[in-house]
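Shown next, in structure tokens, is the structure this report addresses.
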Amino acid sequence: MHIPDNYLSPSTCAVMGAAMVPVWNMAVRKVKKDIPKEKIPLLGIGAAFSFLLMMFNVPIPGGTTAHAIGATLLAVLLGPWPAAISITIALLIQALLFGDGGILAFGANCFNMAFVAPFAGYFIYKFIKERVSAGKGEYIGIIAGSYIGINMAALCAAIEFGIQPLLFKNAAGLPLYSPYPLSVSVPAMMISHLAIAGVAEVIFTVAIYAFIKKVSPGMIYEGAKQKIKPVYAIIVALICLSPLGLLATGTAWGEWGLDEIKDVVISGKSLGFIPEGMKNGFNFNALFPDYAIKGVPDIVGYILSALAGVAILIIIFKIVSTFKKSKREKLQS
Amino acid sequence: MTEKDIPEWLLKNENYVPQLDRDTFVNKSITSLLSVLSHIRRQSGHKTDLFGINAAFSVIFTILFVVLLSVSRGLVFVITANVYLLFMLCFLKSEDIVVILKTSFGVAIFTFIILLPTALYGNFYSIAMITPKVFASVTAVNILSRSTRWNSITGALKTFFIPDIFILVLDITIMYITMLGEFSLDMLYALRLRSVGKNKSKHTSLAGIAGTMFIKSKEMAEDTYAAMECRGFTGEYRIYRKFKFSFADALYIIANVLIILCFIYFGRYLRK
């Protein structure tokens, strides 16, 4: 679901970026107010989860791939605003270091994955939890929330792709950016996410939530005991398993490189041309494009990328936590 | 006591405003001394070493790591090494991470600027290799110093058959930095408290502090050695600790063996 650069017109990117500004602003304020210093590193752990889950590409019949986000998981564990910040930072690291998702399209990607997904998931979870009896309601809420959350995000991405050929054409009537109209992009994105990525998201969310609830309930309920070691253990396990994401060889729908787009076959026809805006578009060279490191086998490169991403995310949030005063320091001043 | 008994000067209102004096150098010395002392004290305050890794392993692997890093000629190994260090770093405490990264980035940026002319002449290899190498080496050593107590490091040195005299000197030096530091700190405080208003002879008192310190250290050295001899110290260090091989040790060794394998595969050759 990471929209690369040049698939969306610069003006679409600007609009999406502008839409995210108030969200980020509100999220930062909420986190400053509500989250105590000691809990901020948890946002880093959340971001690390999201980062890793997005590395597990699931193959989809038809040669494309999709992945989970972990948005609802973070929203349930940390709250929707902190989740928005965690996922934003995870997306930023992916875009800058690994070239997953464009720089210009960063606002759009954040809108889909860091805003729509966690908020939709969270409110559905809350709605169901408050209405269904205690034990079951929680899990039904999580299942419904995570499934609908990721699909809402996919729908937004599909609409962003789909409106491009309607709005931006060159003199010859050929699309400048993403070439597929809504009638192609919405079914393509939605079928893959409704059928497979949504299920993957539900499985990951429920499994990780149940595990955390069992070993470290303090992350969910105030005052219960909080153990961080088992949580690190899942992260390490996910890092070791991350090369499974390489088994899915196809490119995700809407994430083709310049060399691939010409030959993409949709309803029996290949596209046959490279849209103009893509050919001469903005180009950013990430340090380790596609989670690969030059001169290293793919699997090792993937694990190294996962390690680096997780470490950087945890370090970023630990550093952020030092800027914030703890309760004791606040009383002293 | 009647009012008559009180001397007149005590009843007068005083409005003495001391002249402002510059005492930045005293304050600066105090803060720098305090930072060193607090670092050492925090070290001795740790109950166990972070990660619970045996100090002998962390010392030997850190040295080996720095050596491998400096002889490696492939960028892949340097990247792997940096990723490994970042991963180690993320388990440390937030405050330690900030201090370590500040030093490492400072040194790396300095290296980058020094090497910038070579890049302008078209040699990108050295700037791309040396900067991350410097970053990694500084980070590795800092992680060791922040995560391991100094007395466990001296203990670890004994396991590598380093002569006792070196360990003695190292051990006593660290101890003395604390003790003499505390003395000079007290004297600086005294100097600051006693100088009300303008005190022109403040700089000369600094020489006094240094002189006192020297005499004090000589006396203390004699006392310490005498005390150690009385307690049966013959100049030989023995470790009275049972060696336990923990789970963390195993993980640490596996990680480092992987790093060495990685060096063998990617580090030796120049690959493009």
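In what follows, chains carry the letters A, B, and so on, assigned in the order in which the sequence lines appear, proteins first and then strands, with residues in each chain numbered from 1. Side chains included, hydrogens not; waters and symmetry mates left out as well; all remaining heavy atoms used. Just so it is clear, the model here is predicted, and its values are computed rather than measured.
No more than 12 heavy atoms of other residues, nucleotides or ligands shown are found within 6.0 angstrom of CD1 on B:Ile60. Heavy atoms from other residues, nucleotides or ligands lying under 6.0 Å from OH of A:Tyr232 number more than 12. Around atom CD1 of B:Ile260, more than 12 heavy atoms belonging to other residues, nucleotides or ligands sit under 6.0 Å away. Within 6.0 Å of CZ on B:Phe110 lie no more than 12 heavy atoms contributed by other residues, nucleotides or ligands.
Using a 4.5 Å cut-off between heavy atoms, A:Ile235 does not touch chain B at all. Looking at B:Ile97, only its side chain comes within 4.5 Å of chain A, counting heavy atoms on both sides.
Of residues 308-323 of chain A, those residues with a non-hydrogen atom less than 4.5 Å from any non-hydrogen atom of chain B are, in numerical order, A:Ala308, A:Ala311, A:Ile312, A:Ile314, A:Ile315, A:Lys318, A:Ile319, A:Ser321, A:Thr322. Residues of residues 47-55 of chain A lying within less than 4.5 angstrom of chain B, judged on heavy atoms, are absent.
For A:Phe204, the ring pair (Phe, Tyr, Trp, His ring centres under 6.0 Å) partners are A:Phe56, not counting sequence neighbours. Residues meeting the salt bridge (Lys or Arg N to Asp or Glu O under 4.0 Å) test with B:Lys102, sequence neighbours left out: none.
The shortest distance between side-chain heavy atoms of A:Leu304 and B:Phe87 does not fall below 4.5 Å.
Summarising the geometry, atom CD1 belonging to A:Ile303 is positioned 11.5 Å from atom OG1 belonging to B:Thr80; distances are rounded to the nearest 0.5 Å.
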